[in-house]
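For reference, the structure is listed below as structure tokens.
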There are 2 protein chains.
Amino acid sequence: MAEMLGKASIRFSEPVYILNSASVVGTKEGQGPLGLLFDRVGKDDMFGCECWEDAESKLQKEAVETALAKTHLGAEQIRYLFAGDLLGQSMASSFGLGVFRIPHFGVYGACSTCGESLSLGAMTIEGGFADRVLCVTSSHFASAEKEFRFPLDYGSQRPLSATWTVTGSGAFVLGNEDARRAYQKDEESVTDPSNRRARAKITGVTTGVMVDYGMKDSMNMGACMAPAAASAIRQHMEDFQTVPEDYDKIITGDLGKVGKQILITMLREQGIDISANHMDCGIEIYDADTQDTHSGGSGCGCSAVTLSAYILKQLEEHNWRKVLFLPTGALLSKTSFNEGKSVPGIAHALVLESL
Amino acid sequence: MAEMLGKASIRFSEPVYILNSASVVGTKEGQGPLGLLFDRVGKDDMFGCECWEDAESKLQKEAVETALAKTHLGAEQIRYLFAGDLLGQSMASSFGLGVFRIPHFGVYGACSTCGESLSLGAMTIEGGFADRVLCVTSSHFASAEKEFRFPLDYGSQRPLSATWTVTGSGAFVLGNEDARRAYQKDEESVTDPSNRRARAKITGVTTGVMVDYGMKDSMNMGACMAPAAASAIRQHMEDFQTVPEDYDKIITGDLGKVGKQILITMLREQGIDISANHMDCGIEIYDADTQDTHSGGSGCGCSAVTLSAYILKQLEEHNWRKVLFLPTGALLSKTSFNEGKSVPGIAHALVLESL
């Protein structure tokens, strides 16, 4: 039985395994610092489709197909699918994933959706409701600009605090101990048995609350989300009774350079210093100097593909033993923005450990 | 430990209780056949706000406040909040619920969201991750028309297959056995102890898959959703090894009159006859003859407020002992509609039993 900790956390008694995962990205991400690590890089950002929304659906579909192929599983062996994206009514998921016919839970947490889907997926396994689940999220630069901002043809200028929405989708197959054993056995028959099998384990989660500091600048989402990230990290450390040094890395989703500074400052004022081991997926995924991405990358896909391609690799290679992975979300819509609303933030944390 | 049944179902070993619930609706719903049963009916559909989206946020906030008041609980006693609505990026939830500061899982299943939130909420309790959770969903006629269709001022004509989006929000406090005992003890001290305490129990769930028959008519959502409802009912009966007669009612969310006929016909072709005990919340909530609502009501709020005000009352009064409650969702957005896409459906089923 899992253990409820403090106000918002769970420590799993049985670890939930990330059996394998997949990352599919667009051209710009393929040219970035992590480019060689992604499973698939599109030739162009249309992915053979006729509109951006379809391209994003295709991203999700390819990520799921790749994750299933890497785990040697058929869709019918997956008990639940947790999926979401940034588009209105989660359209990328609705049109990308129906073909798999997996019982479906749609989730929405803006760019924190990767954390939300992995949290619920892991809880579903730990609770004995599933042996294997699949969690997938995506974003697409062009469908997001269309959804939230201006037509690309306008060539609107972007302030230095703006982030660039990642074109990418990450899919993760989670499994319980039995699923891990079955996967390992299968892996031994087809590949080098010295390969590591499951990629990492999820040992705990902290679920975020919505935090609204009244920020209204959708071109500075790092500032809008930093208070939520600070809240979730503080709550996590209070619930688990840990300190920053207990983690090799504390990894936020897409605060970017501006949000990173705010987060570190906010937490320092509360006596928590994460400056030595903080990392942000949005900063890692692009080379801001040469790729014109200003504060960094963002979008559901940002933390998802960085987790699959880079973070899990570090855990597999034992460069890191334990990290806090914390996708961050800015809860805005074009309607709320046009009505002059603030941008509340949310962040969901997972403890990921190497095997 | 819960029992996984068949492809998509769970039978709970410990029942999850619906401790109490609340329904807040607009004027038209207040004038309908169920009008006297709702907890709160707005004086007008603005609920004191300046725009429709804010009004919908207010609906959710009032539903949660009322549900907390009826269970004599503070927000800090709720472990998780599962919430969603129809607006792009779930804006009603993002701006209505932040004040409660409850760890938040945003969910999206179109009008099936009530079923999805209750399923995940019940699983969270059964899995030992929470003692109490809150599930809330909403819709608002005017914010939905703005989101999906045309400005109200156009006075667009509506075909007879069209449904009318319910202005309403339903909130449900779920609890485990300990939470039920604490609630009952508390109730005894403040009210007539002969009052029934928890309203009903959730004993099982069946999670739907996305089903797309290629229907493209967003003015006939009943037809778009009926195949998903048929799929979920068939899967449920296969997984639980039950027949329609095992349920006093089989209750869909918002198929309306058109969708109801399609559902009954489709299931009859598969050897399942639900004609004697089928009920649809969308048909119950309005008097179509006098309220000009054509095929019936729809929206996340439709099944949610009907469950809270009417269905749970029948279970409390033992008019019904066991029902299958099955909110139905049409997965469309204005973008997908304008791009000529079909409207996939989804439905999530819960087994509700009287105490």
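In the text below, chain A, chain B and the rest are named by the order of the sequence lines, each starting its count at 1.
Aromatic pair B:Phe148/B:Phe337: centroids not less than 6.0 angstrom apart. If you look at A:Tyr108 and B:Tyr108, their ring centroids are not closer than 6.0 Å.
If you measure heavy-atom distances from B:Glu126 to chain A, the contacts under 4.5 Å come from both the backbone and the side chain. Residue contact with chain A, scored on non-hydrogen atoms closer than 4.5 Å, involves the backbone of B:Leu5 exclusively. With a threshold of 4.5 angstrom between heavy atoms, B:Ile102 approaches chain A through N, CA, C or O but not through any side-chain atom. Residue contact with chain B, scored on non-hydrogen atoms closer than 4.5 Å, involves the backbone and the side chain of A:Ala8 alike. For B:Lys7, the part lying under 4.5 angstrom from a heavy atom of chain A is the backbone only. Contact of B:Ser231 with chain A is made through the side chain alone, with heavy-atom distances under 4.5 Å. Of the two parts of A:Thr335, only the side chain, counted from C-beta on, holds a non-hydrogen atom closer than 4.5 Å to a non-hydrogen atom of chain B. The part of A:Ser119 that comes within reach of chain B is its side chain, from C-beta onward, which places non-hydrogen atoms under 4.5 angstrom from that chain. For B:Phe95, the part lying under 4.5 angstrom from a heavy atom of chain A is the side chain only. Contact annotation for A:Phe100: neither backbone nor side-chain heavy atoms come within less than 4.5 Å of a heavy atom of chain B. Using a 4.5 Å cut-off between heavy atoms, B:Ser342 touches chain A through backbone and side chain atoms alike. The parts of B:Leu97 that come within reach of chain A are both its backbone and its side chain, each placing non-hydrogen atoms under 4.5 angstrom from that chain. Only the side chain of B:Met91 comes within less than 4.5 Å of a heavy atom in chain A; its backbone stays farther off.
Options B:Met123, B:Glu50, B:Glu3, B:Arg101 differ in how many heavy-atom pairs under 4.5 Å they form with chain A, and the most are formed by B:Met123. No other option in A:Gly208, A:Gly109, A:Ala232 has as many heavy-atom pairs under 4.5 Å with chain B as A:Gly208. Heavy-atom pairs under 4.5 Å with chain B peak, among A:Glu147, A:His348, A:Gln89, A:Glu116, at A:Gln89. Interface check for chain A: of the options B:Val107, B:Ile346, B:Leu120, the most heavy-atom pairs under 4.5 Å are formed by B:Leu120. Of the listed residues (A:Ser112, A:Gly128, A:Gly84), the greatest number of heavy-atom pairs within a distance under 4.5 Å of chain B belongs to A:Gly128. When each of B:Gln235, B:Arg79, B:Lys334, B:Lys146 is checked for heavy-atom pairs under 4.5 Å with chain A, B:Arg79 comes out on top. Among B:Ser333, B:Gly88, B:Gly127, B:Gly329, the residue with the largest count of heavy-atom pairs under 4.5 Å with chain A is B:Ser333.
Side chain to side chain, A:Ser9 and A:Asp239 meet the donor-acceptor criterion of an N or O pair below 3.5 Å. No donor-acceptor contact under 3.5 angstrom links the side chains of B:Glu53 and B:Ser143, judged on distance only.
Going from atom NZ of A:Lys341 over to atom CG of A:Leu331 covers 13.0 Å, rounded to the nearest 0.5 Å.
Residue A:Ser13 comes nearest to A:Ala2 through the heavy atom pair OG-N, 3.9 Å, listed as atom of the first residue, atom of the second, then distance. Contact record, B:Cys114 with B:Ser117: O-OG, 3.1 Å, taken as the closest heavy-atom pair. Residue A:Cys111 comes nearest to A:Ser303 through the heavy atom pair O-OG, 4.1 Å, listed as atom of the first residue, atom of the second, then distance.
Side-chain contact check for B:Phe240 versus B:Arg11: some heavy-atom pair is nearer than 4.5 Å. A 4.5 Å side-chain heavy-atom check between A:Asp85 and A:Glu56 finds at least one atom pair inside the cut-off. Looking at heavy atoms from C-beta onward, B:Phe325 lies in side-chain contact with B:Leu118 at the 4.5 angstrom threshold.
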>> Please evaluate residues B:Arg132 and B:Glu177 with respect to the criterion salt bridge (charged side-chain N to carboxylate O under 4.0 Å, His left out), reporting the C-alpha separation (whole Å), side-chain torsions for both, the decisive distance (0.1 Å), and the verdict.
In response: CA-CA 10 Å; B:Arg132 296 180 196 90; B:Glu177 179 63 30; over 6 Å; no
